[in-house]
Amino acid sequence: MRLTKTVAIVAALLAAAGTAFAAGQKEGAAQAPAKVVVKAMAYGDNSNQEGVNWVRIVDSFEKENPAIDIDYEMLYDEAYHQKVAARLAAGDVPHFAYFGADARWGAPWKEAGQQFDHKALMDPSYYDMGLVPPMGPKGEIWEIPLGTSNITTVLYVNEALVKSLGFQAPKTYADLVKMVPAAKAKGLDVITIDGADGWAWGSCFMSSIIARVSGDPAWVSKAVAGTYKFTDKAFVDALATIPQMLKDGVLSEKAVLVDYGANISAFSNQKALCMIQGQWAAGGIEPAVAENTLMMAFPALPNEKAATAGSVAAAIQVGYGITQAGAKDPAVRDAALKFIKYFYSHAETTQRLMDGAIVAPILKNFTVPADLPTINKRKVALAQSAKSTDVIDAFLGGAANDALNAGMQKIASGASTPAEVAAEVEKLLRK
Amino acid sequence: MRRRKGENLLTYFGMVGPGLSVFLFIVAYPIVYSVWLSFTDFNPNRGGAWNLVGLLQYKTMVIDPNFWHSLSNNMIVVAVSVFGQIPIGFVLAYILYRKMVKAQFFFQSMVFLPQFLSTIVIGILWKRLFQADGPIARLIQIVSGDPGAQFDLMLKADTVMYPIGFALIWMYTGFYMVIFLANLQKIDTEMLEAAQIDGATEPQIFVRLILPLLSGTVLVSTILAIAGSLRGFDLIFALTTQGLQRNNAMVLSIFMYQTAFQDFNNPSRFAYGSAISNAIVVISVGLIMMSNRIGKLLNADEEY
């Protein structure tokens, strides 16, 4: 009997508390409008500038826009690509995300039918539409690039170190070969590359070499489309550059064991005269070394064609874009666009430029800061002067691209020949 | 009476229902879905259309050289686990149990320590040790006197599993050591003392007493090792770099992942990936059944 009484009292108290709580909620709901929740997939992590900036920007945006909640998931590198594939397959599509328009950064979104044309929604008084390249077959703009073209094949040259050995910045491949004995005597590498990363061989090296050797800046896209074959002499000759560089001592035999971090570290610690990487690596070089670093196209090869002399490979820069899922609800779409505009503000874009994360902005009336670090000024100069060619993994994807990347590592470690690798890529591509 | 039966049935379902629902939705449904998926060409990213393709994905799998390469690497991992981690773990546990070393708690903690670390951290740690001019390369350079010498076993398809096997032993031996130690502590010490009084030597005690008594534990450990080895993904994935290294060290779970999540040129990649994961399950069950059979033949029953 006593137990029944106690239960009844507790139930009454709970009911009263629930009623009061519900009333409070109702009151609160009447006061504040419902938040628009925008689901995002961001690129970065807590240890890099991209991630740190993202968190800071979201925090300040949400303070200024209390009615919008940016519900994000931030991942970096391979983890990001894994999660994109998993989320899309599961139907858990973010409203906006970091992606691109090519075979590497755009393929999963394209396959899932989530690409959305931003052209009509981009404010032409804010974005310089002349700097935003068309990405789809009808000129669609699938994402708002963080900057202009993304140069993937840069030769970073430590000018001070090169001069200390009695040389000038290399203009031809022969100049690099001449540096080998002096560099070896000092225990230095002539060129360092993160050869343990398969993608580095394709994105940062071979993309430029195939255009130089073939004389066609669009050789890769044409080969993927079927105009050329990967077994053509031009491509096999381009691949043969790798064993030649190893034979000449321009590339070290250990190159294929060096990963991205070790590569930047070797160059920053002045253990190599030159480094092969993309434009984005400029921000990772020690400032003192960066001050003396030139950013240039790969020196002239003995078998290169005049049409593509001095060229660099460049892809459309990745950036943030709304998905079809995000475009469905006008409130969500507008909130996402508002955030993206905030994220691309002049102040944030200036910061990105200063950090070396982009080549040049796509904003209208943008004033380049006078105190831009020297290396970033050189990056802009390279982008303005060099002819652009295709980046391999912007067009070649899946197993064929994996076979090419691993194949170049096999060539570098003496486990395969250029002809064998070319045949494997061609076979997988046409399967 | 009938009402009573009905009430019992209601209580029964009330008790069993929640657990059964969780099992059906979280365990049974994905298994059934995966089996169904492997017989179709369904790609969730391409709308809802799908066709039954019979054994096509399995046929593609068995003629894919990557499958056999991955399977052979998996068998190496299984062998390292069964013939490396378990015997070493057993011997270490025996040494600690018989108090053959001082500072037992310290050694026990040190061997078990990797179990407290994230697998990804361990993978990155070993990757750093093996990298160009890394600690192991430096050691080789000092010993050989060749400043250019490098640790290049990770580069070659026929040697890549040696360093990986070493890392696997380092990581998991402590786990088996603790299992054996816990079971050794259950053994009646009077039996061992009696053997000693009867003049049995330490190796005789180990081979004729301890080993038969713990044969059941060996069998359970073997089953755990086989199942763990075939689904193992994280350590090898973190330890290798994307490209040649990972291709050389590819095991079935990595092959499945690369197929399903990265090969955008294959429109039925999710179905193909499902076929690979089902193959992992079938191979695991086969190996575990074989272990059980061997265990029964060896009379692996524990009586303390």
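Nothing here was measured: the structure is a model prediction, and the numbers come from that model. As a basis for the values below, the full set of heavy atoms in this structure was taken, side chains included, without hydrogen atoms, waters or symmetry mates. So that the names make sense, note that chain A is the first sequence line, chain B the second, and so on, each numbered from 1.
The neighbour count for B:D158 CG, taken as heavy atoms of other residues, nucleotides or ligands under 6.0 Å away, is above 12. Heavy atoms of other residues, nucleotides or ligands lying less than 6.0 angstrom from CZ of B:F166 number 12 at most.
At least one cation-pi condition fails for B:R269 and B:F261: the charged atom is not both under 6.0 angstrom from the six-membered ring centre and inside a 45 degree cone around its axis.
At a 4.5 Å heavy-atom cutoff, B:F42 makes no contact with chain A through either its backbone or its side chain. In this structure, chain A has a heavy atom under 4.5 Å from the side chain of B:N43, while its backbone stays farther away. For A:A196, the parts sitting under 4.5 Å from any heavy atom of chain B are the backbone and the side chain alike. Neither the backbone nor the side chain of A:A403 comes within less than 4.5 Å of any heavy atom in chain B. Proximity to chain B is limited to the side chain of A:D259, based on heavy atoms less than 4.5 angstrom apart. Only the side chain of B:D133 comes within less than 4.5 Å of a heavy atom in chain A; its backbone stays farther off. Of the two parts of B:Y257, only the side chain, counted from C-beta on, holds a non-hydrogen atom closer than 4.5 Å to a non-hydrogen atom of chain A. Looking at A:W199, both its backbone and its side chain come within 4.5 Å of chain B, counting heavy atoms on both sides.
Of the N and O atoms on the side chains of A:T192 and A:N263, at least one donor lies less than 3.5 Å from an acceptor on the other residue. Counting only N and O atoms by type, the side chains of B:T40 and B:N51 include no donor and acceptor under 3.5 Å apart.
Taking the charged nitrogens against the carboxylate oxygens, A:E424 and A:K410 have no contact shorter than 4.0 Å, which rules out a salt bridge. Using a 4.0 Å cut-off between charged side-chain N and carboxylate O, A:D189 and A:K184 make no salt bridge.
Taking chain B as the reference chain and counting heavy-atom pairs below 4.5 Å, the highest number among A:A266, A:A262, A:G198 is found for A:G198. The most heavy-atom pairs under 4.5 Å with chain A, out of B:R246, B:Q262, B:Q258, come from B:R246. Put simply, of B:N66, B:T259, B:L155, B:L244, the one with the most heavy-atom pairs under 4.5 Å next to chain A is B:L244. Chain A forms the most heavy-atom pairs under 4.5 Å with one residue out of B:A132, B:A260, B:A157, B:A137, and that residue is B:A132.
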Note to self: For a ring pair (Phe, Tyr, Trp, His ring centres under 6.0 Å) check, start with the C-alpha distance between B:F39 and B:W50, then their side-chain angles and the critical distance, and finish with the verdict.
What the structure shows: CA-CA 10 Å; B:F39 291 106; B:W50 58 274; over 10 Å; no

Check: Taking it one step at a time, do A:F99 and A:W109 satisfy ring pair (Phe, Tyr, Trp, His ring centres under 6.0 Å)?
Finding: CA-CA 8 Å; A:F99 54 77; A:W109 304 93; 4.9 Å; yes

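Shown here are the salt bridge (Lys or Arg N to Asp or Glu O under 4.0 Å) partners of B:K156, two or more places apart in sequence or in another chain: B:D152.
Aromatic ring orientation, A:Y80 versus A:Y98: perpendicular (interplanar angle above 60°, classes split at 30° and 60°).
Using a distance-only test at 3.5 Å, with no hydrogens or angles considered, a donor-acceptor pair links the side chain of B:N73 to the main chain of B:M250.
For a heavy-atom cut-off of 4.5 Å, chain B lies close to A:G397, A:G398, A:A399 in residues 393-401 of chain A.
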